[in-house]
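To start, the structure itself, in structure tokens.
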Amino acid sequence: MYLQEKLSVTDFIDKTVSAVEPVKPPPVESTSFKLVQDVKYLKEFASKLRDANEFAVDLEHNHYRSFKGLTCLVQNL
């Protein structure tokens with residue numbers, strides 16, 4: 001049995017945090033994004049990051065029952 005199969009979703013809930021009102025994200029239409037599909041756009045993106053003091057990256061990763069895993073989405077926040 002895998003560890004993920006032994007744990008419940010409720011095992012990861014921090015019960016010390018009080019309820020907060022969720023903040024809705026802005027509509028997709030008003031959110032700028034660029035799909036990076038080739039090296040040219042990746043280099044443009046890297047040049048913009050060189051000037052940043054800090055940035056965040058969100059990775060969506062599927063590794064259930066796999067040692068290699070699969071990164072399926074990378075987002076710069």
Side-chain angles (χ1 to χ4, degrees):
M1 181 176 268
Y2 293 95
L3 180 59
Q4 293 95 327
E5 295 169 341
K6 294 179 184 178
L7 299 173
S8 166
V9 172
T10 59
D11 292 331
F12 298 98
I13 297 174
D14 186 350
K15 295 167 183 66
T16 63
V17 177
S18 61
V20 295
E21 186 68 30
V23 177
K24 291 189 174 190
V28 172
E29 297 80 22
S30 68
T31 305
S32 63
F33 70 93
K34 180 143 191 156
L35 181 60
V36 177
Q37 291 184 302
D38 58 32
V39 174
K40 175 188 170 197
Y41 291 118
L42 184 60
K43 286 181 179 181
E44 287 179 16
F45 182 58
S47 69
K48 289 179 182 180
L49 288 179
R50 281 190 198 101
D51 297 331
N53 291 330
E54 61 183 28
F55 65 93
V57 176
D58 176 27
L59 298 176
E60 305 296 329
H61 180 77
N62 177 8
H63 67 279
Y64 185 63
R65 296 187 178 185
S66 168
F67 292 105
K68 290 184 178 182
L70 171 69
T71 300
C72 50
L73 180 65
V74 179
Q75 302 175 79
N76 175 41
L77 306 174

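All residue numbers refer to positions in the sequence shown, counting from 1.
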Set of side-chain contact (heavy atoms from CB on, under 4.5 Å) partners for K48, sequence neighbours left out: none
Taking side-chain contact (heavy atoms from CB on, under 4.5 Å) as the test, write out the residues that go with S30, two or more places apart. P26, P27
Under 3.5 Å donor-acceptor pairs involving side-chain atoms of residues 14-25, not counting sequence neighbours:
| from | atom 1 | to | atom 2 | distance (Å) |
| --- | --- | --- | --- | --- |
| D14 | OD1 | T16 | N | 3.0 |
| D14 | OD1 | T16 | OG1 | 2.5 |
| D14 | OD2 | T16 | OG1 | 3.4 |
| K15 | NZ | T10 | O | 3.2 |

Which pair of non-hydrogen atoms, one from V36 and one from L42, has the smallest distance, and what is that distance? CG1-N, 3.6 Å
Under 4.5 Å side-chain linkage, directly or through intermediates, the cluster mates of I13: none
